[in-house]
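Convention: sequence-line order gives letters A, B, ...; per-chain numbering from 1.
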Amino acid sequence: MVCLLTWLAVSVQAQDRAKIRQQERDVKAAIVFKLLRFVEWPETSVLQDEPLTLCVWPNEPYLETFREIQGSKVGSHSLEVALVNPQNSEFCHVLFGSREMAASTEQWRSVSDGKSILTISDSNDFAGKSGMIHLMMRDQRVSFAVNISALENAGLRMSALVLNLAEIQSANTSLPQIQTPVERTNEHP
Amino acid sequence: MHRDPQSRLRNNKIKVQWRSSFLFTNQKMTMNGIKIAFISAVGLWHTGLAAHSTVSELAELSLQELLEIRVDSISTDQASEDIAARWNISVGWYSQKLDGYRRGTTDFSIDEVLFEPGEERVYHNFPVVPTVIEQDVFTASLSYRHSEHSTLSLTVPFVRQATDHVSSVAAYEQFMIKTDGIGDIGLSWRNNFYKDEVCQFSIGLGISLPTGSIGERGDTPREAGDQQLPYTMQLGSGTYDLKLGLGMSWYFDKWTWVNDFGYVQRMNRNDRDYRLGNRLLLSTEVRRVINRYLTAGIGIEYQNSADINGRDTEIIVPGPFPYPASITDPGNFGGELIRASGSLTLRLAERQSALITYGRPVYQDLNGIQPKSKGRISVSWTLGF
C-alpha cells in the first residue's frame with residue numbers, strides 16, 4: 001500500500017513537472033509567434049505572401065510546440081517551422097534556440113552572421129551576447145529583452161509598440177552543477 | 001478594459017465543463033455515471049493545477065495578455081542545469097579528523113592501544129600511538145562542458161596533514177608529525193546520458209595520477225633522524241587509480257533525490273611495493289530548494305574500502321612484532337563506514353555558488369585496530385563562466 005501511494009505521488013509529481021515545463025514552452029512559443037508580427041525584415045529577405053520560416057536546432061524541445069502553430073498567419077506570411085542546417089540556412093528568417101539546447105555563440109553565429117535572421121532564445125543573458133531577443137522569467141511571468149543594435153546590424157526593425165514592452169534585466173542565477181560521482185570518491189587518503 | 005488572460009482561458013474551459021455536466025443530468029445519471037463523474041472530478045482537480053492551455057489557444061491572445069500569464073517555471077532546479085556554464089572553476093577545502101580507536105565495532109582507549117614496558121605485547125598494542133590525525137585538503141578544479149551532456153574536469157589537491165602521537169619510547173613521549181604538498185591530480189569525464197522532466201542519469205569516469213608524494217619523511221621514534229613515514233602521512237597513493245561513478249537524480253517539485261555510486265580501482269603496486277585498498281561508495285541525499293538563494297540537503301553514505309595490499313618494508317622494525325604503530329600495519333586499513341551528512345548550497349550571485357557539507361559517522365566496522373573517523377566538513381565555491 002505504501003509502495004502504491006509512493007508510486008502514485010511520484011507519478012503525479014512527474015506529470016505536474018512535465019505539465020509545468022510544457023506550459024512554459026507553450027507560453028514562450030506563443031510570445032515568439034506574437035513578436036514576429038512586430039518585426040520587419042528587409043524586402044529582399046522575405047517577399048510578400050512568402051512563408052516566414054522559423055528555424056530550430058535538431059532535437060530542439062520546442063520543435064513540436066512550434067509545429068502546433070505552423071501555418072498560422074504572421075501578417076501576410078504563413079509560419080513554417082524547419083530544422084536549421086549551418087551549411088544551408090538561407091531559408092531561415094527566425095532562429096530559435098532554447099536554453100536546453102545550450103548552443104554556443106559560435107553555433108549561433110555560424111547560422112545567423114551576415115544574414116537577416118532574427119535570433120531568439122531563453123538562454124541566460126542572450127541579448128547581452130549579441131542575440132536579439134532574450135526571453136526570461138520575471139515574477140513567474142515571461143518577459144523579454146531586445147538587443148536593438150544586433151537587430152539593426154541584421155537589417156531588422158522592430159515596432160516601437162513592442163519595444164515599449166521589452167525590458168532589460170539580469171538573467172536568472174543558476175545552481176551549481178551536480179557533483180560528479182567520480183569527484184565524490186576523490187578523497188584522501 | 002483589460003480582461004485577465006488566465007480567467008479568459010479558464011472561462012472557456014468552464015463553459016465546456018458546464019455543458020458536459022448539463023448533458024449528464026439530461027441523461028439521468030446512473031451509478032456508473034456517478035463513478036465516472038467522481039473520477040473526472042479527481043482528474044480535473046489534478047489537471048487543474050496547471051490550467052493548461054495549448055499553444056494554439058495561447059496564440060489567440062494578445063502579446064500584452066501573454067506577458068501577464070503566470071508561468072510556474074522550473075527554473076529553480078533542473079532547468080538551471082540546462083543553462084550551466086561552459087567553464088567552471090571551483091576551490092574547496094575539506095577537513096576530517098580521526099580520533100580514538102576501534103577494532104571492528106568495538107572502541108578502544110588510547111591507554112589500551114599504547115604498549116607500556118612491563119605489559120604483554122600483543123598484536124593490538126603498540127609502542128607508538130597516533131592520538132589525533134587531522135587531514136585538510138584544498139582543491140582547485142577546472143571543468144569544461146564540451147557538449148550539452150559531457151563535462152571534463154581537472155582537480156589539483158593540496159594536502160596538509162598533522163598527527164599527534166604518544167609513545168613509550170624515551171624522548172618521544174609526545175610528538176607531532178606534519179606533511180604537506182600536492183596530492184594526486186584527478187582527471188574526470190562526466191556524461192549525463194539520460195535526462196527528462198523528472199530524472200537524470202550520469203556516468204563518470206576518471207583517473208587520478210600518482211603526483212602526490214609517497215616518500216614523505218619525518219622524525220619518528222623508530223631511529224634517529226628522518227625516516228620514511230607511515231601510509232597515512234603520505235600525500236598520494238603512488239598508483240594510477242581508475243574511478244567509476246554513476247549518478248541518478250530525481251526531481252519532484254522543489255525536492256531533488258540524488259543517488260551516487262562510486263568505485264576506485266587502484267592499479268598495481270606503487271614504487272614502495274604496496275597499493276591502497278579499492279573503495280566503494282554509495283550515497284543518497286535529499287535536497288530541497290528553500291528559496292532562490294538556498295538549498296538544503298540531508299543524506300547518508302556508505303563506504304567500503306579494502307585494506308592495503310603489500311607493505312612498505314621501510315616502516316617496519318625487526319622482531320616478532322614488526323609494526324611500531326597501528327598505522328604501519330597494512331592490515332589495519334579499510335572497513336565499512338556509514339556517515340550521515342547535511343549540506344547547504346548558497347547561490348551567491350550569477351553562476352556563483354558555495355556548498356557547505358558536514359558529515360559524521362553513525363556506524364564504523366573497521367579492519368584491524370585503527371583510528372576512528374570523526375566529523376568531516378567541506379566548503380567549496382564555484383564560479384561558472
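Counting only heavy atoms from C-beta outward, the side chains of V27(A) and L58(B) approach each other to under 4.5 Å.
Between the side chain of R141(A) and the main chain of E68(B), a donor-acceptor pair closer than 3.5 Å is present.
Between A29(A) and V55(B), the closest heavy-atom pair is CB-CG2, 3.8 Å.
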Using a 3.5 Å cut-off and no angle test, enumerate the donor-acceptor pairs between side-chain atoms of residues 31-40 of chain A and protein atoms at least two apart in sequence or in another chain.
| unit_1 | atom_1 | unit_2 | atom_2 | d |
| --- | --- | --- | --- | --- |
| K34(A) | NZ | A59(B) | O | 2.9 |
| K34(A) | NZ | L61(B) | O | 3.0 |
| R37(A) | NH2 | K73(A) | O | 3.3 |

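Residues of residues 52-68 of chain A that come closer than 4.5 Å to chain B, counting heavy atoms only, are T65(A), E68(A), ordered by residue number.
Counting non-hydrogen atoms of other residues, nucleotides and ligands closer than 6.0 Å to CH2 of W381(B) gives a total above 12.
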